[in-house]
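Notes to accompany the following structure.
Here is the naming used below: chain letters follow the sequence lines, and residue numbers restart at 1 for every chain. As the structure is a computational prediction, the values presented were derived from the model and not from experiment.
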Amino acid sequence: MTGKSYLDELNEVQRKAVIQTDGPVLVVAGPGSGKTRVLTYRIAHLIEKGVAPWEILALTFTNKAAREMKERIERVVGDAANRVWAGTFHAIFARILRVEAEKIGYPSNFTIYDSDDSASVINAIIKELNLDKSVYNTNAIRSRISSAKSSLITPRLYAENEELMEQDRMAKRQYTHVIYQKYTERCKRSGAMDFDDLLYRLYELIQQNPDGVLDKYRARFKYVLVDEFQDTNHLQYAIIRKLVQFEGSPRNICVVGDDAQSIYAFRGATIQNILDFEEDFQKYGIQVFKLEQNYRSTDQIVQAANHVIAYNRRQIPKTIWSNKGVGHKIKVIKALTDTEEGKRVVDTIVEQRNRYHLSNKEIAILYRTNAQSRIFEEYLRRYNLPYRVFGGLSFYQRKEVKDLIAYLRLAVNPRDEEALRRVINYPKRAIGDTTVDKISAAAGEANQPMWELLGTVDVGPRTHKAIAAFVRMIQSFMTLAQTGNAYEVAVTIAERAGLIDTLKTDTTVEGLSRLENLNALLDGIKTFVEEDESSETTGQEDKSLASYLQNIALLTDFDNEENSEGDYVTLMSVHSAKGLEFKSIFLVGMEEKLFPSFMALDTPEGLDEERRLFYVAITRAELFLTLSYALSRYRFGQMRYNEISRFLEELPREHLESTGALPGTSFGRGSSTASAGRESASPGASVSGNFQRRTTAQSAPLRVDPKTFSPSPSNQIQAGMKVLHLKFGEGKVISVDGSQDNRVATIHFSEIDSPERRIMLKFAKLQILT
DNA sequence: GTTGGTATCTGTGGA
DNA sequence: AGATACCAAC
């Protein structure tokens, strides 16, 4: 023990994980277990031990996590913290690529395409290829391209891959590989990288290793740390391995993650990485630490969470426990409609605030989809409760903001085709679609940026003149961009491009707010320029337009809320709530097809991911957890009727307040043999008490210990078999009907009250006994 | 080429 | 419901 004060703030396992600085380390960290603390103290410890800050690379998923980490390191070691390479994968890699891009044929001022840009490129290609856009769904194609890249599959490898091609044929999208090919070409000639490219091109760079660039970074980053490792994809892990796995490497790599909180499989993340990591570094003396004590939530919440996650199949065994007292039971709110849900949730917020003296900022409403926020906003407004919505349409996605940014992007990189298309005729300057299509076709043929071909297309004299004027204007912007600072340049461009005048002619309410947004953007650029240089690790003193653009390309709404102070109720998606905690959590919309999302219902993997998401949601709560559902809600202009989420049913009744908000939960579902040991840890003094009307009749949600349960493939289930079900226990299959995907079994479970159950086989987990 | 209206389609998550 | 695509008329 060194006796350093920060080490005293750690529990034993945490301290071991901090002190074990050399060699490979895997930290498996449950929710609220002090994971960030371990990471930051570890970095601080390295610096105190004499490691230079710039030899440390710390990769996170969100800017927020990166910022928090830097702040906390700074508190321990002071200014040195600013020299640590800490940031998101995307931001750090973009920073490296700015320096090295020319080695792989990109300009150093490359544009970063956001997902809207990507979608628009794909749309344009689908159109040009004359493909049916109802078959070639943009998002489907985009995610396919994205996962190909994340698996290191080039367009050529894609076309040669029988499995992928077969999948595309099955989906009647056999030209996907052509779109991928063209997409890649287009980004390249535009000097643009999409989010996946920031990873993929970096991999390409260090793979090809021109001028020994790989060795440079291997030598630089002596210590590598990765946060949220369960959310890394194949490509990210490949890059990490390249950096630390080589002959003579000290392999000072520390990854921190929680398989139970992996919620980004949809964008290629795989918990396989955690398992692989263990194996890959086995022979280099990997140390594994498990952080199992939860410092955030009451026992009630932790136990409920443990129980829920036990329904998932594959996981790293761990037992999360809390000593924060039993706590309040979980409350369930039932509503008939979405409006009623809104009202009742906000009513409860008011009540809770009063009764427990909670401030607004200690309360959050979490939902599965951003679209659900509206009704809660309505009632919060009505009750005069200040709130803040995160996510959804970000500031930078607004039309007027994108318009100006497109001009700025062109001024920095005129090859940027998406920016060019966006503004070539906005404000109106008589360069219509026909002309743009001609230029685009020429660009495709010559595989040259549209910008280079503007003057060469065959058009009438009027259009020709208009194009020439546009080119002159952009050229003047380009000159401008190299001189002044970003703010002055942006103001001048906004005026000279005619954006401000155009908006001023619109006197509607929306028009006014657009103008305001434009001004807000300009103010933001001003702040960027004036910002104290020393405060940010990423921003050198570069206050150029190019630097600004790179900065915002990787920002989300989430990041640039300076005024995060203030007493607001928080509204956000469960995804964005990851890593956060609140005294009181309201998890709303607990309905089948919403949470779990209908998109995930087809596969067991999808469902497991939704369950992990549910796990993440409930473990955000420190003291109070309230779940709500509506039996009907408007979606896409239509009233839909919903069933209660299966996840609600998976919550042990003993952790629920008995409000009768759940059907068939009359506390009589038979006696109980709850999986022993679960509740034994919590006999402690009840800090809550006052809320519990009755403490009788705890019903057992599980009849089978999930640890010994191994479900059989559902296609093997046949009439006459004896099977085991987690909740219902042993049963006999009476009949199976339906076909293919929709086989339904009628099963007689002798251990439960209404023994005859019809079960969708694609969802059910049944273990065949005989 | 531009304008303004109607038909159609979309159904998560985020750097 | 809201955005976007498409189409007819100027």
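With rounding to whole Å, A:Leu613 atom CG is found 13 Å from B:dG14 atom C1'. As a whole-Å value, the separation of A:Asp433 CG from B:dG1 P is 8 Å. Between A:Leu366 atom CG and B:dT12 atom C1' there is a gap of 15 Å when expressed in whole angstrom units. As a whole-Å value, the separation of A:Phe195 CZ from B:dG14 C1' is 8 Å. In this structure, A:Arg640 atom CZ and C:dA1 atom C1' are separated by 12 Å, rounded to whole Å. If you take CD of A:Glu228 and P of B:dG14, they are 14 Å apart, rounded to a whole angstrom. Protein atom CZ of A:Arg633 is 15 Å distant from nucleotide atom C1' of C:dA1, rounded to whole Å.
A:Gln315 places no side-chain N or O within 3.5 Å of a backbone atom of A:Ala260 that could act as its donor or acceptor partner. Side chain of A:Ser632 to backbone of A:Leu336: a donor-acceptor contact under 3.5 angstrom is found. Judged by distance alone, with hydrogens and angles left aside, the side-chain atoms of A:Asn413 form no donor-acceptor pair with the main-chain N or O of A:Arg409 at under 3.5 Å. The backbone N or O of A:Thr60 sits nowhere less than 3.5 Å from a side-chain atom of A:Glu228 that would complete a donor-acceptor pair. For the pair A:Thr111 (side chain) and A:Tyr113 (backbone), a donor-acceptor distance under 3.5 Å is absent.
Proximity of A:Arg142 to the phosphate of B:dT12: no side-chain N or O atom is located under 4.0 Å from OP1 or OP2. The phosphate of B:dG13 (OP1 or OP2) has a side-chain N or O of A:Asn370 nearer than 4.0 angstrom. For B:dG13, the OP1/OP2 oxygens have no side-chain nitrogen or oxygen of A:Ser597 closer than 4.0 Å.
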Close N or O pairs between protein and nucleotides 4-9 of chain B (under 3.5 Å):
none

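Under the stacking criterion of a centre-to-centre distance below 5.5 angstrom and an interplanar angle below 30°, A:Phe266 sits stacked against the six-membered ring of B:dG13.
For A:Tyr175, the OH atom is loosely surrounded, since the number of other residues' heavy atoms within 6.0 Å does not exceed 12.
Counting any heavy atom pair closer than 4.0 Å across all strands shown, A:Tyr634 reaches no nucleic acid atom.
By the 4.0 Å N-to-carboxylate-O rule, A:Arg612 lies too far from A:Asp608 to be salt-bridged with it.
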